[in-house]
> 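Shown below is the structure under consideration.
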Amino acid sequence: MDYRNAFAISASGMTVEKLRLETIATNMANMHAVAGADGRLYRPLRVMTTEVQGGFHRQFNQGLEALQGTRAVVVESNAKPRAVYDPGHPAANPEGYVQYPGVNQVTEMVNMISALRAYEANVVAMNAAKSMAMKALEIGGNT
Amino acid sequence: MTPSIDSMTTQLLSLALDASSLRHQAIAHNLANTGTEGFHPVAVSFEDQLTRLKRELETGHPVQTTLLQGVRPVLQQTAQASEGVASPQELDELTVQLAGNTMHYQALLKGLNKHMSLMSIAINEGKR
């Protein structure tokens, strides 16, 4: 497995973490959005990552050149909307409750921090791969 | 330059070095345009021009420098660009390409260095 493959794997990890951050930012921005004219309430987004072609261990054993890291897909979560009692609100239902998206701010903040740390971890992995390749170039000394 | 010791290697190495430095320019160009609307990334075509050379090497015969005729690193639009899909690349993807290309350039330089040192040993009659 050459160093360029190691770089590509780390790059795919970084892309996924950036996608995760984008979904978190979207959720936070739409935290207090009530249902629009079409009656659809905002549902919090999550990023689901799956292995490519099941079984990383199998790919390593085959020495496959085209290791593809992870594949990410953005899905809507089924979190229950928050109901806030506010009879004077224009969007209140007949019982006086207003529906807000089920975005848990604390959970989103924690997810954001873990996405940031995972991104840093991928950068560290890439730098380690680069150091290894640089060291390999020193074989044979300076002539 | 007269055909010296294994001029095929020096010619191929210097072509690869040219390709690598052109690739650096392409990556820098893409980096500069990450925020541009409707931007088409550029790439360098070089390794795919070497298929004839690879086939010849697989037969096991020593290769002639005539196989390198017409092989030149050239800038071209990426495959997506020719379909009309504008997609400026992400920052981290480009940084990774830059790191890989720099590594490749240093490895090529090292190879050329070692090859030239063989010639200098011949010139110095084995004395260091």
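Letters go in sequence order (proteins before strands), and every chain restarts at 1.
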> In Å, rounded to the nearest 0.5 Å, how long is the span from CD of B:Glu93 to CE of A:Met14?
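Going from the CD atom of B:Glu93 to the CE atom of A:Met14 covers 10.0 Å.
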
> Out of curiosity, B:Thr95 OG1 to A:Phe7 CZ, how far, rounded to the nearest 0.5 Å?
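That separation rounds to 11.5 Å.
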
> Show the nearest heavy-atom pair for residues A:Met134 and B:Met103, with the distance to one decimal.
SD-SD, 3.6 Å

> Treating Ile, Leu, Val, Met, Phe, Trp and Tyr as nodes and any side-chain heavy-atom pair under 4.5 angstrom as an edge, say whether A:Leu21 and A:Met28 lie in one connected cluster.
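In one cluster with A:Leu21: A:Met28, yes.
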
> Between A:Lys18 and B:Asp92, which heavy-atom pair has the shortest distance, and what is it?
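Nearest heavy atoms, A:Lys18 then B:Asp92: CD-OD2, 3.3 Å.
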
> Assigning hydrophobic clusters by single linkage (Ile, Leu, Val, Met, Phe, Trp, Tyr; side-chain heavy-atom cutoff under 4.5 Å), is B:Leu13 placed with B:Tyr105?
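B:Leu13 clusters together with B:Tyr105.
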
> Within a radius of less than 6.0 Å around CZ of A:Arg43, do more than 12 heavy atoms belonging to other residues, nucleotides or ligands occur?
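Count over threshold, so yes.
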
> Tabulate, in ascending numerical order, the residues of residues 90-122 of chain A having at least one heavy atom closer than 4.5 Å to a heavy atom of chain B, or enter 'none'.
A:Tyr119

> Heavy atoms only: give me the nearest A:Leu137-B:Gln106 pair and the separation to one decimal.
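Shortest heavy-atom contact: CD1-CB, 3.7 Å.
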
> Should A:Leu45 and A:Val47 be regarded as members of a common hydrophobic cluster, given that ILVMFWY residues are connected when their side-chain heavy atoms come within less than 4.5 Å of each other, either directly or indirectly?
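Linked, A:Leu45 and A:Val47 end up in one cluster.
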
> Can you tell which part of A:Met126 gets under 4.5 Å to a heavy atom of chain B, answering side chain, backbone, both or neither?
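Only the side chain of A:Met126 comes within 4.5 Å of chain B.
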
> Is there a continuous path of hydrophobic side-chain contacts, each under 4.5 Å between heavy atoms, that joins A:Val124 to B:Leu98?
no

> With a 4.5 Å cut-off on side-chain heavy-atom distances among I, L, V, M, F, W and Y, is there a chain of contacts connecting B:Leu53 to B:Leu15?
yes

